[in-house]
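Taking it in order: structure first as C-alpha cells, then the write-up.
A quick note: this is a predicted structure, and the numbers were derived from the prediction, not measured. Just so you know, ligand 1 is whichever comes first in the structure, and atom 1 is the first atom listed for that ligand. Numbers for residues simply follow the sequence, beginning at 1.
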Amino acid sequence: MLADFLIRNTAEVLTCAGPAPRRGKAQADARSISRAAVAAHEGRIVFIGFESLLSQEVELTPGATVVDARGGAVVPGFVDPHTHVVFSGDRREELRRRLAGLTYADIAADGGGILSTVVATRAATEERLAADTRRRLDEMLRCGTTTCEAKSGYGLTRESELKMLRVIRALAASHAMEISPTFMGAHEMPVEYRDRRRAYITLVVEDMIPTVAREGLAEWCDVFCENGVFTPDESRDILLAARAAGLKLRIHADELGLSGGSQVAAELPVRSADHLIFIDEEGADGLAKAGVVATLLPIASFYLKLGRFAPGRMLIASGVPVALATDVNPGGGFSPSMPFAMTLACFGMGLTFEEALVGATINAAYSLDRHDRVGSLEVGKQMDAVIVAGPAIDLIRVGADTIRAVIKKGRVIHHAD
Ligand code: NIG
Ligand code: FE
C-alpha cells in the first residue's frame with residue numbers, strides 16, 4: 001500500500017489500540033509493539049507493525065515525509081477532553097493569594113474567580129479572544145496534545161457565549177489543534193441574576209441552547225454542578241434541554257464537595273463526569289453502571305491546593321473508565337501539559353504509567369466521543385502521534401525536553417530540534 005508519511009527507528013510504539021473505553025484491568029492495556037514503524041497516507045494510518053515487515057507492505061510516495069524516531073518511543077497524540085482555554089484577562093494574582101493561604105472560595109467571594117474572567121472576556125473583541133486562545137493552543141500542541149475540548153462559559157450572556165463559541169469555530173478551522181466545542185452557559189451564575197436564578201436558567205434553556213444548537217456551534221453541553229453554583233435539579237433541567245436540542249452531555253461534578261453531580265451524571269446519563277475529587281463509592285458505582293467516563297483533572301487539584309486528588313484507584317476498581325485532562329483555565333488550570341496531568345495521576349492518585357497513558361489517549365478520546373478517529377495508533381485512524389526523546393516513561397520527567405516531535409494528521413506540527 002501507498003504511504004506519504006512514515007515514523008521509523010522506534011524502540012517501541014505504545015499504540016493504545018483496541019476497544020474503548022478501557023475500564024478495570026483494561027485501563028492498563030497500552031499495547032506496546034517493540035521496534036515498530038507507523039505509516040500513513042493522507043493523514044490516516046495504513047500500517048503499524050514491526051519495521052522489519054515495512055518494506056513488504058508499504059510503498060512510499062516520492063515526496064513522503066520520513067521521521068526518524070532515533071530509538072525513542074511513540075505514543076498516540078494526547079487528547080485533552082476538558083479545557084477552558086478560551087478566555088481573556090489574567091488571574092495570576094489569585095495564584096499568589098492562594099500561595100499565601102487563601103482558598104478558591106475566599107478568592108471568589110472577594111470578586112475573583114470565574115466572575116473576574118467573565119468581566120475580561122465580555123470586554124474582549126473576537127479578534128483579541130482568538131489571539132489569546134491561539135497562544136494557549138500552541139502551548140498545548142508543544143506538550144503533545146493534538147485534539148482538545150474547549151468550553152464557553154466566561155461570557156454568561158447570549159452574545160458573549162456565542163462570541164466564545166465563534167472563536168472556537170474559527171480556531172478549529174485555522175489551527176492544527178482539532179477542537180471539540182462545548183457550550184457551558186451554566187459555568188457560573190452571572191452577578192446580574194443572583195436574585196433571580198430561575199430567570200438565568202430559563203435564558204440558558206429557552207434561548208442560548210436552542211441558538212447554539214441551531215447554529216451548530218457546539219457538540220456538547222456542560223454544567224458546573226456544585227454547592228453554591230448550580231444545584232443538581234438546575235443542572236438536570238439544563239442538560240435535558242441540551243439533549244433535546246441535540247447536544248451531547250458532560251458535567252462538572254463533586255469538584256469542591258459532594259454536590260449530587262455524580263448522581264445526575266449517572267441518571268441522565270452523561271458521556272463524561274469531570275473532576276470527581278469528592279466522589280464516594282456509591283457515586284462511583286452509579287457511574288460504572290451507567291457507563292459514564294470519569295474525566296479527572298489533577299492539575300486543578302494541584303494548583304487549587306485542594307490537598308487531595310480524585311480517587312482514581314477507587315474509580316478504576318469500581319469499573320469506571322478513567323480519562324485525564326488538563327482543565328486549562330485562568331484560575332487553577334495553570335499547566336497546558338497532558339504529561340503533567342499524567343504525572344500527577346501517577347503520583348497523586350496512584351495510577352500506573354500505562355493507566356495514565358490510556359487515560360490521556362484512548363479513554364480521553366472516548367470521553368469526547370472521537371475514539372473512532374483519534375486516541376490510538378491503529379490502521380484507519382488519524383496519524384496523530386507524539387515522539388518521545390527516550391523511553392515512554394520519560395514523559396513524566398516534568399521539565400525535561402522529552403517531546404521530540406508532535407504529529408497531527410500526518411504532518412509534523414512541532415519539532416524540538
Ligand atoms: O474546571 N470548575 C469550574 N471551572 C473551572 C475553573 C474555572 C475558573 O476558575 O476560571 C474548573 O476547575
Ligand atoms: Fe472545568
For I114, take its heavy atoms, then give the atoms of ligand 1 lying under 4.0 Å from any of them.
-> 7 (C), 8 (C), 9 (O), 10 (O)

Looking only at protein heavy atoms, what sits closest to atom 4 (N) of ligand 1 is H187 NE2, 2.8 Å

Nearest atoms (heavy-atom pairs only) where L156 meets G185 = CD2-O, 3.3 Å

Would you call N329 a ligand 1 contact, heavy-atom distance under 4.0 Å?
-> yes

Shortest non-hydrogen contact between A176 and K408, atoms and distance = O-CG, 3.5 Å

Among the N/O/S atoms of D327, the Fe ion (ligand 2) lies closest to OD1

Ligand-side contact atoms (ligand 1) for residue partner H252, heavy atom cut-off under 4.0 Å | 1 (O), 2 (N), 3 (C), 4 (N)

May I ask you to decide if the ring planes of F340 and F302 are parallel, tilted or perpendicular, using 30° and 60° as cut-offs?
-> perpendicular

Do T103 and D106 have side-chain atoms, one donor and one acceptor, less than 3.5 Å apart?
-> yes

Nearest non-hydrogen protein atom, atom 5 (C) of ligand 1 = H84 NE2, 3.5 Å

So which protein heavy atom does atom 11 (C) of ligand 1 come closest to, and at what separation?
-> D327 OD2, 3.1 Å

Is ligand 1 less than 4.0 angstrom away from at least one heavy atom of E188?
-> no

Between E149 and K151, does at least one N-O distance fall below 4.0 Å, as a salt bridge requires?
-> yes

Are F230 and F224 close enough that their ring centres sit under 6.0 Å apart?
-> no

Can R128 and D132 be counted as an ion pair, charged N to O under 4.0 angstrom?
-> yes

List every atom of ligand 1 that sits less than 4.0 Å from any heavy atom of Y154, numbering the atoms from 1 in the order shown and giving each element.
-> 7 (C), 8 (C), 10 (O)

Just heavy atoms, cut-off under 4.0 Å: does E226 contact ligand 1 by side chain, backbone, both, or neither?
-> neither

Round to 10° and report the angle made at the Fe ion (ligand 2) by NE2 of H252 and NE2 of H82.
-> 90°

Distance to 0.1 Å, residue and atom name: give those for the protein heavy atom nearest to atom 2 (N) of ligand 1.
-> E255 OE1, 2.6 Å

Assess H187: does it contribute an N, O or S atom lying under 2.8 Å from the Fe ion (ligand 2)?
-> no

Salt bridge R404-D68, side-chain N to carboxylate O under 4.0 Å = no

Would T157 and R122 count as a side-chain hydrogen bond (donor to acceptor under 3.5 Å, both in side chains) if you check the C-alpha gap in whole Å, the side-chain angles of each, and the deciding distance to 0.1 Å?
-> CA-CA 8 Å; T157 62; R122 283 182 183 174; 4.8 Å; no

May I ask you to list the atoms of ligand 1 that are less than 4.0 angstrom from any heavy atom of H82?
-> 1 (O)

